[in-house]
Amino acid sequence: MEKRDRGLDREVIREVENAYKTLPDFLKTEVLPSSEPISAYKMLSAYNMLKYASANVPLYSKKPYLEAVNKAKNGDLEEILKSTPIIDGSIFLSHYDDLIPLNKTPITVYFSSGSTGKPKPIPRTYDQDIDYARGFIKSVIYPVMPNGMDIEINKGPPLPAISGRLMSVISMESKAIEFSQGPAQTIADLLRVIEKFDSNHSKNILMLGFPSAVIREIYNLNESDKNYLKDVVNKLNLYVLVGGETLPYQRAKLLYNLLPSKTLIDFIGSSEGIVAYRVYTREELENDLVINKPFRFVSYNNLFMIKTGLNGAEKLLTPKEAVGLEGELVITTKAREGAEYVPLINYNTKDLIKVTDVAENGDIMGYYIGRADGIKRFGVGKLVEEMIVNTISDLINRYKVGEGYSVITRENGLDKATFYLDRGQFSGDPEELTKTIKSSLSSAQMEIAYSLEKELATIHVELLNKDSIPFYKDRGKSKWLIDKREV
């Protein structure tokens, strides 16, 4: 089929005109006459995209669609696309620059779990799920498990959650047996069943779940099950992939001590098809090292850009231009080589990263700083959850305290971070914990070190009983950094 500005196939024109007749009356009156199919195409494209992708606009709400019509009249579809969070790529004919609906495509609309604070609708086709699964297997599983996955233990949210569906599709594409943990089962119960399928301990097993949920469950096992867990994990070819929340080195060590798998993969996955991961090896986790490993950021179809604030002005840079800089990861309409479709349009992830290198295939090597709305000013520095999680996990590993969290308040004009910790087995002086926290945060960021040295901010520790710590009662993800300052 020729490009839009060179004319359109008559059959396609008739199809568009018929679709045009189904539009609400207030839209028809604003569109150029249907005898001009290009404009009809533009309107229908805008209408379909807004209908499927806008989370907060009623289907027949007049104002946003009239705005879309005006933009379409001016040929300014890019402005429409910039405000559209997700586009289903398979409704377009051939590529990202063909904004012509192809035909009716079966779409499943999921609602995300809301880990970013606001659940959003995510339209996906089955083919997109398959493509995501194949990319995941190629990019993440095979480099760690060269012979592939035989058994998948899915401890994440079950169907119909989008992560549950994707994990099921991944096991199907891997031709693996999938085990999902029932509400009355423990991880020890599940592994006892799996041992019957893997009596020779020869199969590759991948366990997936939230790190906090896995750690919390192991804490709650009885001693017999804890001992069985460590014994059987040493026999099995068990690999663990955790995601949904940060897993810095000290947290990874804590999880490994509870569940000594062959390899531990820290995974950031989004419903939109973005993957970032880093791998901790047994050697790294069994030794007392200071490690801050970069992630590998992978997009199966779209090319990345980095939005920076250089010289006080926002600017989009290519990853190569952004090496050494911090900025927000942006998914662009530009397709990677070999991409089958481009499902996202200039999507702002709100994930801040620091780019350290760019691979030949376009993958980014870099550090994950945190979500833009999760970074908290502290003195003249910035606190993010990864720093808090790493610090608390270090205290658990070194001093045998229990889990905890931090709260930022402002007293006498100064920022104050109070660490509330489960006393656990610790019987020493809390001041020792305070010094360790200051050292850990200072080594992570020079601005924090300056703030503490100049007493522009303070650190305090309070030891509590276990039942006062929310971690043990939470389900799924946990919060470690709470800001209670007045805005």
Side-chain angles (χ1 to χ4, degrees), residues 144 153 155 181 186-192 194 201 205-267 277-293 385-405 419 421-428 432-433 436-437 439-440 444 463 466 469 471-472 474 476-478 480:
V144 177
I153 303 175
K155 289 177 58 60
Q181 189 169 336
T186 67
I187 187 173
D189 295 331
L190 197 57
L191 288 177
R192 288 188 177 100
I194 288 173
H201 303 140
I205 304 169
L206 181 66
M207 178 187 292
L208 307 104
F210 292 137
S212 287
V214 175
I215 290 171
R216 188 181 302 116
E217 183 181 344
I218 296 174
Y219 282 159
N220 292 328
L221 292 177
N222 59 45
E223 287 305 313
S224 174
D225 280 347
K226 285 180 181 177
N227 291 333
Y228 165 75
L229 193 64
K230 285 203 171 184
D231 179 61
V232 73
V233 168
N234 283 324
K235 297 175 183 176
L236 297 172
N237 293 325
L238 179 68
Y239 300 79
V240 174
L241 182 149
V242 290
E245 55 186 27
T246 185
L247 191 79
Y249 176 62
Q250 288 295 338
R251 195 71 176 171
K253 284 192 68 171
L254 172 62
L255 178 55
Y256 178 79
N257 288 334
L258 297 170
L259 190 70
S261 57
K262 282 188 171 294
T263 300
L264 183 54
I265 306 167
D266 183 13
F267 175 78
Y277 68 97
R278 57 185 171 186
V279 178
Y280 295 108
T281 65
R282 270 189 167 176
E283 181 182 5
E284 291 168 341
L285 295 171
E286 289 177 350
N287 292 287
D288 191 16
L289 305 173
V290 178
I291 292 178
N292 184 15
K293 301 194 78 169
E385 276 211 332
E386 173 147 335
M387 295 164 63
I388 302 298
V389 174
N390 206 47
T391 297
I392 291 176
S393 300
D394 184 31
L395 297 176
I396 296 171
N397 292 332
R398 292 169 62 178
Y399 298 103
K400 306 306 177 187
V401 299
E403 296 287 348
Y405 64 101
F419 282 71
L421 304 170
D422 167 19
R423 186 181 301 275
Q425 301 175 36
F426 181 72
S427 58
E432 187 175 1
L433 302 179
T436 302
I437 293 171
S439 175
S440 175
L463 297 175
K466 182 177 180 179
I469 303 297
F471 177 89
Y472 299 105
D474 286 341
K477 303 175 186 179
S478 292
W480 284 275

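Since the model is a prediction, treat every value here as computed from it, not as a measurement.
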Any I153 side-chain heavy atom under 4.5 Å of L191 side chain: yes

Applying ring pair (Phe, Tyr, Trp, His ring centres under 6.0 Å), can you list everything that pairs with Y280, at least two apart in sequence or on another chain? none

How far does OG of S261 sit from CG of N237, to the nearest 0.5 angstrom? 11.5 Å

Output all residues satisfying side-chain hydrogen bond (donor to acceptor under 3.5 Å, both in side chains) with D225, sequence neighbours left out; order by chain, then residue number. R192

Indicate the ring-plane relationship of W480 and F471, choosing parallel, tilted or perpendicular according to the 30° and 60° boundaries. tilted

Residues E386, T246; criterion side chain to side chain donor-acceptor pair (under 3.5 Å); working and verdict: CA-CA 6 Å; E386 173 147 335; T246 185; 2.6 Å; yes

Applying side-chain hydrogen bond (donor to acceptor under 3.5 Å, both in side chains), can you list everything that pairs with K230, at least two apart in sequence or on another chain? none

Check the pair T186, D189 against side chain to side chain donor-acceptor pair (under 3.5 Å), reporting the backbone distance first and the verdict last. CA-CA 5 Å; T186 67; D189 295 331; 3.2 Å; yes

Does the Lys NZ or Arg CZ of R282 fall within the cation-pi geometry relative to Y256 - under 6.0 Å from the ring centre and within 45° of the axis? no

L258 and L229: which non-hydrogen atoms are nearest, and at how many Å? O-CD2, 4.1 Å

Those residues that, when tested against S439, pass side-chain hydrogen bond (donor to acceptor under 3.5 Å, both in side chains) (two or more places apart): none

Kindly compute the distance separating CD1 (I218) from CG (L255), expressed to the nearest 0.5 Å. 6.5 Å

Using a 3.5 Å distance criterion without hydrogens, assess whether the side chain of D394 forms a donor-acceptor pair with backbone atoms of N390. no

Test side-chain contact (heavy atoms from CB on, under 4.5 Å) applied to E245 and V389, step by step: CA-CA 10 Å; E245 55 186 27; V389 174; over 6 Å; no

Which residues satisfy the salt bridge (Lys or Arg N to Asp or Glu O under 4.0 Å) test with K466, sequence neighbours excluded? none

Close side-chain approach of N292 to R278, heavy-atom, < 4.5 Å: yes

Applying side-chain contact (heavy atoms from CB on, under 4.5 Å) to K400 and F426, what does each step give before you reach the verdict? CA-CA 6 Å; K400 306 306 177 187; F426 181 72; 5.8 Å; no

Interatomic distance, I392 atom CD1 to I437 atom CD1 [nearest 0.5 angstrom]: 7.5 Å

How many angstroms lie between CD1 in I265 and OG1 in T281, if you round to the nearest 0.5 Å? 12.0 Å

Heavy-atom pair with the smallest gap, counting every atom of R216 and S478: NH2-OG, 2.8 Å

Go through the steps to decide whether E403 and I215 satisfy the test side-chain contact (heavy atoms from CB on, under 4.5 Å), and finish with yes or no. CA-CA 10 Å; E403 296 287 348; I215 290 171; 3.9 Å; yes

Euclidean distance, Y228 OH relative to N222 CG, rounded to 0.5 Å: 13.0 Å

Applying side-chain hydrogen bond (donor to acceptor under 3.5 Å, both in side chains), name anything that partners K293, two or more places apart in sequence or on another chain. E284

Within the structure provided, determine whether D266 and R251 are in side-chain contact (heavy-atom separation under 4.5 Å). no

Residues D288 and K253 bridged, charged N to O under 4.0 Å: yes

Check step by step if side-chain contact (heavy atoms from CB on, under 4.5 Å) holds for L208 and F267. CA-CA 10 Å; L208 307 104; F267 175 78; over 6 Å; no

Compare every heavy atom of I396 with every heavy atom of G402, then report the nearest pair and how far apart it is. O-CG1, 3.5 Å

Would you say D231's side chain and N227's backbone share a donor-acceptor pair under 3.5 angstrom? no

Rounded to the nearest 0.5 Å, what's the gap from CG on L190 to CE on M207? Could you check? 7.0 Å

Shortest non-hydrogen pair, P211 vs L247, comes out as CB-CD1, 3.8 Å

Min side-chain heavy-atom separation L463-L433 under 4.5 Å: yes

Which atom names give the shortest non-hydrogen contact between L395 and T436, and what distance separates them? CD2-CG2, 3.8 Å

